[in-house]
Amino acid sequence: MPTWSIISHVRQHPMLFTSAVAIVPLMALMMPWYRGFIELGPGGLPHNVFGWLIQGALRPLAMNSTVDRSVFQKPGISSAYEPHGTTRFLQGELAPRRGDRPTIPNYVAPQRQITEKGDEALVNKMNSHLRDLANHRPETLAVKASGLEARDHPALWLVGAPLPKFLAKTTKGEIVHVHPEASSHMVLSLSDAEEAIAKGWAELHPLSGVLGLIPLPYVIVYAPRDEEEFGVWTRFVDAAVAFTTAEQN
């Protein structure tokens, strides 16, 4: 297009061209954020620009800090999880996790760690543990596709009995699932979630307890780094099962 023609179009539509010029640097700033979202892999939201926009729209609802334990001290917070919300189900002493927390990017969803990641063999081992639990308690537990993550993520579900109200309205009975980098989401009691966060093993989801979307004690437990930490992870899973089935016992 000749230079004189471009100048003519600019003069005829000044607002259009001004907007275009403003959008270009904005898009340049947004692209790394979008690429980071895609690099996290599939999750509960569409793995495309629409999922990225949805999680961005949810950002104003998200909590400011996923490691701030003061949320557990708010008056009346335990009422939705009675009668067992403040019960400790973790067995034995929980030692502090070694080192710093892994890096988790500031996206509402999916929530993933991008450092200290586990491999496929570890993920398979973790999912095998969930299947073993379900096989030993088929009247109470089942492994089936996650309703909170991508459909190819297996999850441990409560089955065969009325669900606790705090699950019926949120996860629909899903209590544990493992991510491709070996972190996992699970529903612990308020007491266990607070202790796990305090000792560096976990943190809240950005939407934990927000508008009743997911339970407050819905946490991401970091990927085990060795056999000892895998054992700690199984203790968290046992605690999640004990808490969510407590009303059935």
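This is a predicted model, so every value here is computed, not measured.
Heavy atoms only, all atoms of each residue included: Gln113 and Ala223 are closest at OE1-N, 3.0 Å. Residues Ala182 and Val178 come closest through the heavy atom pair CA-CG1, 4.2 Å. In plain terms, the two heavy atoms of Ser79 and Gly76 that are nearest each other are OG-O, 2.9 Å. The shortest heavy-atom contact between Val159 and Pro138 is CG2-O, 4.0 Å. Residues Pro42 and Ala150 share a closest heavy-atom pair of CB-CB, 4.0 Å. Closest approach of Ser189 and Gly85 over heavy atoms only: CB-O, 3.5 Å.
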(request) Decide yes or no on salt bridge (charged side-chain N to carboxylate O under 4.0 Å, His left out) for Glu93 and Lys199, but give the supporting numbers first. (result) CA-CA 11 Å; Glu93 181 74 16; Lys199 294 187 175 177; 3.8 Å; yes
(message) Show, in sequence, the C-alpha distance, side-chain angles and deciding distance for Leu188 and Phe89, and conclude whether the side chain to side chain contact (heavy atoms under 4.5 Å, CB included) test is met.
(response) CA-CA 8 Å; Leu188 298 173; Phe89 290 93; over 6 Å; no
(message) Val232 vs Thr234, test: side chain to side chain contact (heavy atoms under 4.5 Å, CB included). Steps then yes/no.
(response) CA-CA 5 Å; Val232 175; Thr234 64; over 6 Å; no
(request) Go through Met186 and Val237 one step at a time and tell me if the side chain to side chain contact (heavy atoms under 4.5 Å, CB included) criterion holds. (result) CA-CA 7 Å; Met186 62 183 73; Val237 174; 3.9 Å; yes
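The main-chain N or O of Arg137 is never found under 3.5 Å from a side-chain atom of Thr140 such that the two would form a donor-acceptor pair. Side-chain atoms of Gln111 come within 3.5 Å of backbone N or O of Leu204 as a donor-acceptor pair. Looking at Thr115, its side chain does come within 3.5 Å of a backbone N or O of Thr103 through a donor-acceptor pair. Panel note: side chain Arg131, backbone Ala142; no donor-acceptor pair is recorded below 3.5 Å. In this structure a side-chain-to-backbone donor-acceptor pair under 3.5 Å is present from Thr170 to Phe166. Judged purely by atom type and a 3.5 angstrom limit, Asn48 uses its side chain to pair as donor or acceptor with the backbone of Gly51. A donor-acceptor contact shorter than 3.5 Å links the side chain of Arg59 to the backbone of Asn106. In terms of modelled atom types and a separation under 3.5 Å, the side chain of Trp157 and the main chain of Ala145 share a donor-acceptor contact. Although no hydrogens or angles enter the test, the distance criterion places a donor-acceptor pair under 3.5 Å between the side chain of Gln55 and the main chain of Trp52. Side chain of Ser208 to main chain of Pro217: no donor-acceptor pair is present (N/O by atom type, distance under 3.5 Å, no hydrogens or angles).
Using a 4.5 Å heavy-atom threshold, the side chains of Leu45 and Val108 count as separate. Counting only heavy atoms from C-beta outward, the side chains of Thr66 and Pro206 approach each other to under 4.5 Å. Taking the side chain as every heavy atom from C-beta outward, Ser191 and Leu90 never approach each other to under 4.5 Å. You'll find the side chain of Pro105 reaches within 4.5 Å of the side chain of Ile114, heavy atoms only. Contact check for Ile104 versus Arg112: no side-chain heavy atoms found under the 4.5 Å cut-off. Contact of the Leu122 side chain with the Asn124 side chain is not registered, since no non-hydrogen atoms from C-beta on lie closer than 4.5 Å. By the 4.5 Å heavy-atom criterion applied to side chains, Leu148 and Tyr218 are counted as neighbours. Under the 4.5 Å side-chain criterion, counting only non-hydrogen atoms from C-beta, Pro180 is not in contact with Val123.
With rounding to the nearest 0.5 Å, the separation of CG in Leu133 from OG in Ser128 is 11.0 Å. How far OG1 of Thr245 is from CD of Glu139: 10.0 Å, rounded to the nearest 0.5 Å. For the atom pair CH2 of Trp201 and CD of Glu195, the computed distance is 11.5 Å after rounding to the nearest 0.5 Å. Asp192 CG to Ile197 CD1: the interatomic distance, rounded to the nearest 0.5 Å, is 11.0 Å. Rounding to the nearest 0.5 Å gives a distance of 4.5 Å between CD1 of Ile175 and CG of Leu156. We find the NZ-CG distance between Lys74 and Leu216 to be 8.5 Å, quoted to the nearest 0.5 Å.
Between Phe236 and Trp233, the ring centre distance reaches or exceeds 6.0 Å.
Hydrophobic clustering (side-chain heavy atoms under 4.5 Å, transitive across Ile, Leu, Val, Met, Phe, Trp, Tyr) keeps Ile54 apart from Val49. The hydrophobic cluster containing Leu58 does not contain Ile220, counting ILVMFWY residues as joined when their side-chain heavy atoms lie under 4.5 angstrom apart, directly or transitively. Both Ile77 and Val67 belong to a common hydrophobic cluster when Ile, Leu, Val, Met, Phe, Trp and Tyr are linked at side-chain heavy-atom distances under 4.5 angstrom. Note: the hydrophobic cluster containing Val219 also contains Met63 (ILVMFWY, side chain heavy atoms under 4.5 Å, direct or indirect links). There is no path of hydrophobic side-chain contacts, each under 4.5 Å, that joins Leu61 to Phe50.
Using a 4.0 Å cut-off between a side-chain N of Lys or Arg and a carboxylate O of Asp or Glu, Lys125 and Glu227 qualify as a salt bridge. Salt bridge annotation for Arg225-Glu181: absent, with no cationic side-chain nitrogen under 4.0 angstrom from a carboxylate oxygen. A salt bridge links Asp226 with Arg98: the distance from a Lys NZ or Arg NE/NH1/NH2 to an Asp or Glu carboxylate oxygen falls below 4.0 Å.
Partner Tyr222 forms a side chain to side chain donor-acceptor pair (under 3.5 Å) with one of Glu116, Glu229, Arg97, Glu203 and no other, that one being Glu203. Screening Glu174, His153, His205, His177 for a side chain to side chain donor-acceptor pair (under 3.5 Å) with His185, the sole residue that qualifies is His177.
Few gaps surround CD on Glu82; more than 12 heavy atoms of other groups in view lie less than 6.0 Å from it. The number of heavy-atom neighbours closer than 6.0 Å to CD of Gln91, taken from other residues, nucleotides and ligands shown, is 12 or below. Counting heavy atoms of neighbouring residues, nucleotides and ligands inside a 6.0 Å radius, atom CG of Asp152 exceeds 12 of them.
Phe37 and His47 have tilted rings, their planes meeting at an angle from 30° to 60° on a 0 to 90° scale.
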